[in-house]
A.B. asks: 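Okay, here's the structure, questions in a sec.
Indexing begins at 1, ligand by ligand and atom by atom, following the structure's order. Model, not experiment: these values are computed from the prediction. Side-chain atoms are counted along with the backbone in the values below, which use heavy atoms only and exclude waters and symmetry mates.
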Amino acid sequence: MARVFSGIQPTGDKHIGNLLGAIRHWAVMQDEHECIYSIVDLHSITVPVDPAALRASTLSLATLLVAAGVDPDRSILFAQSHVPEHTELAWYLNCTATYGELKRMTQFKDKSGGQESVSVGLFDYPVLQAADVLLYRAGLVPVGEDQRQHLELMRDIAIRFNGRYGDTFVVPEAQIPPVGARIVDLQEPTRKMSTTGGTEQGTLLLLDDPKRLRKKVMSAVTDSDGEVRSDPEAKPGVSGLLSLLSAVEGTPVADLEARFAGSGYGDFKGAVADAVVELLEPIQARHAEIAADPGEVERILAAGAERARAIAVPVIEDVRAAIGFAPRG
Ligand code: TRP
């Protein structure tokens with residue numbers, strides 16, 4: 001049974017694409033694996049972020065993850081900055097990773113392009129990510145397709161370190177969902193749903209109230225052909241709604257096309273809105289419950305950090321001994 005590690009950045013409001021693409025799988029994986037999930041606040045400061053917003057979003061994301069089914073008793077849920085061994089290991093790995101490797105990371109090229117000031121942290125982001133996983137000797141890392149290159153680098157770093165200093169790290173495998181339904185912006189359906197690159201009206205936030213969710217779905221862009229049929233090229237709007245409903249319900253798109261053959265777009269959108277609200281309402285209710293208990297989420301994170309450190313500290317000691325640092329006594 002491989003140990004699982006994954007991370008999610010606290011900044012940016014989370015939307016239904018984050019739930020369907022990642023958070024929901026995190027909850028499912030708990031049934032079969034020992035799971036460690038981190039809110040990667042150290043990664044968030046690689047770009048400028050407002051201190052009050054960082055604090056609030058870290059606590060709010062922890063609340064949301066628990067509300068969405070991440071069970072802090074079965075899994076370890078913690079904030080990355082609460083476990084200082086992440087930054088410590090990142091330094092050791094900085095001396096294993098190469099400048100050339102990091103320079104080739106496409107996410108760095110995308111994020112740094114056109115910026116007048118780019119932090120060294122943004123350049124080093126993938127090494128910290130490698131430290132996150134290697135620190136727990138996790139074997140399986142559920143991530144989106146966009147993280148494939150970072151996972152390859154992480155494996156290369158682990159293999160190189162093991163070769164140089166002796167077997168220290170587990171070489172982790174990425175677990176990338178097979179062409180997960182593409183959740184697109186409801187107003188600009190050729191773009192992925194995103195709180196940074198998308199439209200406000202086309203993004204279904206996990207904490208939008210049901211009325212707002214319904215309004216966003218009902219005003220989604222469609223086309224004038226009137227048929228509920230998937231054709232991402234010619235009918236990006238309707239196709240986007242079909243993939244959304246397919247992901248929410250777990251029903252193949254072909255079955256949905258059959259179900260809505262002959263229906264108008266109004267009825268179809270109504271069904272999508274119902275399904276979205278049905279999925280999110282219980283999560284929102286749990287979120288409100290947890291948020292109403294003062295100190296609850298802080299206690300969850302503190303307990304998670306303690307359990308994380310119980311694994312991380314002995315690994316760091318192995319790493320230090322392998323590299324040749326004098327014992328700390
Ligand atoms: N970079 C990841 C993302 O943007 C987040 C992340 C940080 C992560 N550390 C990780 C994911 C470790 C998996 C494992 O999605």
Side-chain angles (χ1 to χ4, degrees), residues 2-15 17-27 29 33-47 49 54 57-58 61-62 64-65 70 75-90 93-94 97 102 105-112 119 121-158 169-177 180 183 192-197 304-305 308 311-312 315:
R3 180 180 280 162
V4 166
F5 185 99
S6 197
I8 184 168
Q9 286 207 37
T11 39
D13 285 332
K14 299 304 161 194
H15 55 76
N18 299 125
L19 177 69
L20 298 170
I23 301 171
R24 211 162 57 161
H25 299 294
W26 285 18
M29 292 196 84
H33 298 275
E34 176 192 359
C35 297
I36 307 176
Y37 296 130
S38 185
I39 296 172
V40 292
D41 49 1
L42 297 169
H43 278 106
S44 284
I45 65 162
T46 55
V47 293
V49 43
L54 178 61
S57 64
T58 301
L61 179 57
L64 191 61
L65 291 172
V70 172
S75 299
I76 297 179
L77 175 65
F78 72 104
Q80 184 189 31
S81 70
H82 293 178
V83 177
E85 286 72 21
H86 287 253
T87 41
E88 183 176 352
L89 182 57
L93 300 182
N94 273 334
L102 291 181
M105 293 293 118
T106 56
Q107 188 164 312
F108 173 71
K109 288 193 258 182
D110 292 347
K111 284 199 188 174
S112 60
S119 74
L122 188 66
F123 185 66
D124 201 31
Y125 181 114
V127 176
L128 179 61
Q129 184 168 348
D132 293 342
V133 175
L134 302 185
L135 184 56
Y136 299 95
R137 297 191 169 124
L140 202 57
V141 187
V143 281
E145 179 62 43
D146 64 331
Q147 296 298 308
R148 192 183 286 281
Q149 199 186 26
H150 288 168
L151 263 291
E152 267 315 307
L153 174 68
M154 183 186 296
R155 290 170 52 85
D156 290 343
I157 292 173
F169 295 123
V170 167
V171 180
E173 305 267 348
Q175 195 203 51
I176 296 172
I183 305 300
K192 250 173 72 170
M193 191 178 286
S194 151
T195 41
T196 45
I311 301 172
V315 174

A.B. asks: Is the H86 to Y136 ring centre distance short of 6.0 Å?
C.D. replies: yes

A.B. asks: Would you please name every residue forming a side chain to side chain contact (heavy atoms under 4.5 Å, CB included) with S57, sequence neighbours left out?
C.D. replies: P10, T11

A.B. asks: What pairs with Q9 under side chain to side chain donor-acceptor pair (under 3.5 Å), at least two apart in sequence or on another chain?
C.D. replies: S44, Y125

A.B. asks: Can you list everything that forms a side chain to side chain contact (heavy atoms under 4.5 Å, CB included) with H82? Sequence neighbours excluded, please.
C.D. replies: A79, L301, A305

A.B. asks: Answer with yes or no after comparing the ring centroid distance for F108 and H150 against a 6.0 Å cut-off, counting only values under it.
C.D. replies: no

A.B. asks: Rounded to the nearest 0.5 Å, how far apart are CD1 of I183 and CG of N18?
C.D. replies: 10.5 Å

A.B. asks: Distances for all N or O pairs of ligand 1 and the protein under 3.5 Å?
C.D. replies:
from, atom 1, to, atom 2, distance (Å)
ligand 1, 1 (N), Y125, OH, 2.8
ligand 1, 1 (N), Q129, OE1, 3.0
ligand 1, 1 (N), Q147, OE1, 3.1
ligand 1, 4 (O), Y125, OH, 3.3
ligand 1, 4 (O), Q147, NE2, 3.4
ligand 1, 9 (N), D132, OD2, 2.7

